[in-house]
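The block underneath contains the structure these notes are about, expressed in structure tokens.
Within every chain, numbering begins at 1; the chains are lettered A, B, ... in the order of the sequence lines, protein sequences first and strands thereafter. Model, not experiment: these values are computed from the prediction.
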Amino acid sequence: MDLHKELKHWFGYSEFRMGQKDIIESLLKGQDVLAMLPTGTGKSICYQLPGFLSNGLTIVVSPLLSLMQDQVQELKSNGLKQIAALNSMVSNEERQFVLNHLHDYRLLYLSPEMLQSEYVLSKLKQTKVSFFIVDEAHCISHWGKSFRTDYRKLAPVRRALANPPCLAITATATEVVRDDIREQLQLNNVQSYIYSVDRPTIALDIKETSSNSTKLKELNEYVRSLEGPGLIYFQTRKWAEAASSYLQQQGHANVSYYHGGMVHEDRLLIQQQFMKDQLDLICCTSAFGMGVNKSNIRYVIHFQPPLDLESFLQEIGRAGRDGENSLSLLLYSAEDRQMAKTMIKKDLLDKSQLIHILSALSTGGKLTYAEEKLIYLPVNCSDTAYSVLRYQLEMENYVIRDQWQSFDVQTVYPKIEKALTEYGQVLEQRLNKIWEWIESNSCKRQQILRYFDEIMQSRPDACCSYCGLDRLELTNSKVHNQQASSFEWVDHLNYVFLKGHQQ
DNA sequence: CGTATCCCAATTATTTGGGATACGGTGCGATAAT
């Protein structure tokens, strides 16, 4: 088979990009594949092309409804039919239709939750499944242990579908996470294609500030000097909204905000406006970004550090996909760390909460979601905290789907308590790692790469704040000098990011 | 840790300020039966 011809035929591209051909060939040979490709290098081709080349159905597990809709729409508008998504946004009639005509489809996008439906699985079992794809596979490790635990129940599903070749693909996974993915999906005879997470054209700048209120003023000055479009990540929804309206008041016209608390339509609208360059600045929480394929984002600012380096890398990876220079600027103050610690803690239950919930569950029987909610809500337990707990109980087989075993609280409590403590420790260690990185005194890029078990091959000119971004020659020294006299922080920035038209 | 909110006392005000308290991110699907 001439893969180049097929690529041209199905997608109109004449060349494969890094890694794509190897991954596709392995998959077509029937091997399991774990692939880590840098952000924005055409990951979807790696499974879409094999999907069209085989005569069976390719199942794509995708984390977000919007991602599924986007991909289905994009393929359809390119004239590629025989594609569908199965999720809660799809009407019952349509779901029914798709499940009754599976032979007519090549690619089927599903949420991991949908794959837990016995009815859906029974239908899928009746058709030939060629490939089992897990997109954004790092979700297995990160979301899977807290609020998306169905991500850790994929191996039995794949086995039930006659164990088709599996591709797990992601842009950011440490060695630990990669091992976890291989184990969770029970990848055999696995071929791993691991590319560097390094993005040499993104300069890494870090700056300490005194507090969040003074940060906001500094942010305004940065945004005024930097060439957009840009993204600003905040730890809370409130801050994202407040900063957005503050920046608007300060005269930045095309600013808006984005977070998970907004209605779906608004989120869609903001994202589209940003894509179409009607907005050039988004103040957002970590909700924004997955599947955002905007090529010309020039900077990503973190108003507070994220909870771990993987998230940080995911978020800055949205900059400079066009290959042009771009900037990551991380602002931090001591208070951010305590705040982050508190956020981790709130998903872990204390003793009295745990005893209360375990006691209520220990009688066994069948429970609906609503009934479970009535158990954990009165003790101020969040959905996520309960999900973390429930996952541990699932691991010990105290619950299978909605069927609960009766158990002895005194026996179960110590086991669960230990598991939750260990989980909390992992989160805290990851938090400590990113703070060690922030406060450390050596090359920031080198350290990030070491965190991902890589060795830095070469140092870009605009590397990081440790290597010295401000030592670079300025193309427009007039701009630089005038601004530097009034704002010391300009000194801190790489010249390539200064707006030419500002005085 | 910072902040927003609520309540109550102060001393005689429809206000002010102190103390206590809660909260902070990421998202699928839910029911019935086919």
Side-chain angles (χ1 to χ4, degrees), chain A residues 61-69 85-90 92-93 95-100 109-123 126 136 138-139 141-154 210-216 233-242 258-264 267 284-291 302-308 310-312 314-315 332-347 366-374 380 382-388 390 401-402 427 431 435:
Chain A
V61 181
S62 174
L64 301 180
L65 301 178
S66 58
L67 264 180
M68 297 185 223
Q69 307 294 101
L86 221 57
N87 56 48
S88 62
M89 285 169 77
V90 177
N92 273 336
E93 294 77 30
R95 270 190 237 184
Q96 202 52 245
F97 181 87
V98 171
L99 287 171
N100 287 330
Y109 288 84
L110 294 136
S111 62
E113 287 80 7
M114 195 55 84
L115 280 173
Q116 287 304 302
S117 155
E118 284 182 17
Y119 178 61
V120 170
L121 188 61
S122 72
K123 285 291 190 182
Q126 293 168 22
E136 308 286 357
H138 59 280
C139 291
S141 234
H142 290 160
W143 290 359
K145 289 173 185 164
S146 59
F147 65 103
R148 299 288 297 277
T149 57
D150 290 339
Y151 256 112
R152 297 181 84 76
K153 299 168 195 165
L154 293 174
S210 53
S211 73
N212 278 328
S213 40
T214 55
K215 248 191 219 176
L216 202 53
Y233 279 98
F234 295 83
Q235 198 61 258
T236 69
R237 297 169 177 183
K238 241 175 207 164
W239 267 106
E241 288 194 25
Y258 182 106
H259 58 66
M262 297 158 61
V263 296
H264 199 262
R267 291 176 66 161
C284 59
T285 62
S286 58
F288 190 81
M290 214 182 253
H302 279 85
F303 198 75
Q304 289 104 358
L307 297 183
D308 52 67
E310 286 109 305
S311 307
F312 178 74
Q314 277 270 340
E315 287 160 4
Y332 75 99
S333 66
E335 70 195 53
D336 299 334
R337 191 171 185 165
Q338 189 52 46
M339 157 92 175
K341 257 188 178 168
T342 316
M343 298 222 0
I344 287 173
K345 232 189 212 159
K346 86 180 161 51
D347 288 341
K366 192 172 175 168
L367 292 173
T368 62
Y369 286 91
E371 285 165 337
E372 286 182 39
K373 205 156 190 164
L374 284 178
N380 272 325
S382 68
D383 289 349
T384 303
Y386 180 70
S387 181
V388 172
R390 197 185 196 279
R401 298 183 177 276
D402 56 357
L427 297 182
L431 180 68
W435 277 88

Taking for each residue the nucleotide of DNA chain B with the nearest heavy atom, is it R95(A) or G261(A) whose nucleotide lies nearer the 5' end?
G261(A)
Considering only heavy side-chain atoms of E335(A), the closest of dC1(B), dG29(B), dG24(B) is dC1(B)
So what does L307(A) hit on the nucleic acid, given a heavy-atom distance under 4.0 Å: a base, only sugar-phosphate, or nothing?
base
Separation of dA30(B) atom P from N87(A) atom CG, nearest Å, is 10 Å
Among dT26(B), dG25(B), dG29(B), the one nearest any side-chain atom of M343(A) is dG25(B)
What is the distance from CH2 of W239(A) to P of dG24(B), rounded to the nearest Å?
16 Å
Please check the phosphate of dG24(B) (OP1 and OP2 only) for any side-chain N or O of T236(A) closer than 4.0 Å.
no
Please pick, from dC1(B), dC28(B), dG25(B), the nucleotide with the shortest atom-to-atom distance to any side-chain atom of Q338(A).
dC1(B)
Kindly point out which of dG24(B), dG27(B), dC28(B) is positioned nearest to the side chain of D383(A)?
dG27(B)
State which of dC28(B), dA32(B), dG29(B) makes the closest approach to the side chain of R148(A).
dC28(B)
Using a 4.0 Å heavy-atom cut-off across all strands, classify H259(A) as base, sugar-phosphate, or nothing.
sugar-phosphate
Once you round it to whole Å, what is the distance between C1' of dT26(B) and CZ of R237(A)?
9 Å
Euclidean distance, atom CZ of residue F303(A) to atom P of dC1(B) [Å, nearest integer]
19 Å
Stacking here means centres under 5.5 Å and planes under 30°; does W143(A) stack on dT26(B)?
no
Report yes if a side-chain nitrogen or oxygen of S211(A) is closer than 4.0 Å to either non-bridging phosphate oxygen (OP1 or OP2) of dG2(B); otherwise report no.
no
Expressed as a whole number of angstroms, how long is the span from E241(A):CD to dT3(B):P?
17 Å
C1' atoms of dA13(B) and dG17(B), separation to the nearest Å
13 Å
How long is the span from the OG atom in S210(A) to the NZ atom in K215(A), to the nearest 0.5 Å?
9.5 Å
Checking N1-N3 plus N6-O4 or O6-N4 for Watson-Crick, or N1-O2 and O6-N3 for wobble, each under 3.5 Å, the partner of dT31(B) is none
Check the pair E113(A) / R148(A) against salt bridge (Lys or Arg N to Asp or Glu O under 4.0 Å), numbers first and verdict last.
CA-CA 8 Å; E113(A) 287 80 7; R148(A) 299 288 297 277; 2.5 Å; yes
Could you please name the option among dG27(B), dT26(B), dG24(B) that lies closest to any side-chain atom of T342(A)?
dG24(B)
If I pick the P atom on dT14(B) and the same atom on dA20(B), what distance separates them, to the nearest angstrom?
28 Å
Using Watson-Crick or G-U wobble geometry with both distances under 3.5 Å, which nucleotide pairs with dC8(B)?
dG17(B)
Where does the angle between the aromatic ring planes of H142(A) and H138(A) fall among parallel (under 30°), tilted (30 to 60°) and perpendicular (over 60°)?
perpendicular
Would you mind reading off the distance between D402(A) atom CG and dT31(B) atom C1', rounded to a whole angstrom?
12 Å
Where the side chain of Y369(A) is defined as all heavy atoms beyond and including C-beta, which of dT31(B), dT34(B), dG24(B) is the nearest nucleotide?
dT31(B)
Check if the side chain of K238(A) and the base of dG2(B) share a donor-acceptor pair of N or O atoms closer than 3.5 Å.
no
What distance, rounded to whole Å, do you find between the two P atoms, one in dT12(B) and one in dT16(B)?
15 Å
Would you compute the distance between atom OG1 of T384(A) and atom NZ of K346(A) and round it to the nearest 0.5 angstrom?
6.0 Å
In whole Å, what is the span from the CZ atom of R401(A) to the P atom of dG29(B)?
15 Å
Identify which nucleotide among dG24(B), dT26(B), dG29(B) has an atom closest to any side-chain atom of A287(A), counting heavy atoms from C-beta outward.
dT26(B)
Classify M290(A) by what it touches in the nucleic acid, base, sugar-phosphate, or nothing, heavy-atom distance under 4.0 Å.
nothing
Quote, to the nearest angstrom, the C1' distance that separates dT31(B) from dT26(B).
26 Å
Closest to the K346(A) side chain, choosing from dG24(B), dT26(B), dG25(B):
dG25(B)
Could you check whether any side-chain N or O of R95(A) sits under 3.5 Å from a backbone N or O of V90(A), counting only pairs where one atom can act as donor and the other as acceptor?
yes
Parallel, tilted or perpendicular: which describes the rings of Y332(A) and W435(A), with under 30° parallel and over 60° perpendicular?
perpendicular
Could you tell me how far dG19(B) sits from dG25(B) if I compare only their P atoms? Round to whole Å.
28 Å
So what does Q116(A) touch, heavy atoms closer than 4.0 Å: a base, only the sugar-phosphate, or nothing?
nothing
Remember a base hit wins even if backbone is also touched, and classify D150(A) as base, sugar-phosphate or nothing at under 4.0 Å, heavy atoms.
nothing
Assign each of N212(A) and T368(A) to its nearest nucleotide of DNA chain B by heavy atoms, then name whichever residue's nucleotide is nearer the 5' end.
N212(A)
Tell me whether the OP1 or OP2 atom of dG27(B) has a side-chain N or O from R267(A) closer than 4.0 Å.
yes
Ranking dT26(B), dT34(B), dG29(B) by distance to the side chain of Y119(A), first place goes to dT34(B)
At what distance, to the nearest 0.5 angstrom, does CE of M290(A) lie from OG of S66(A)?
9.5 Å
Specify whether Y258(A) and F288(A) have parallel, tilted or perpendicular ring planes, treating 30° as the upper limit for parallel and 60° as the lower limit for perpendicular.
perpendicular
Looking at dG29(B), I'd like to know if its phosphate oxygens (OP1 or OP2) sit under 4.0 Å from a side-chain N or O belonging to S111(A).
yes
Provide, to the nearest angstrom, the distance between the NZ atom belonging to K341(A) and the C1' atom belonging to dG2(B).
16 Å
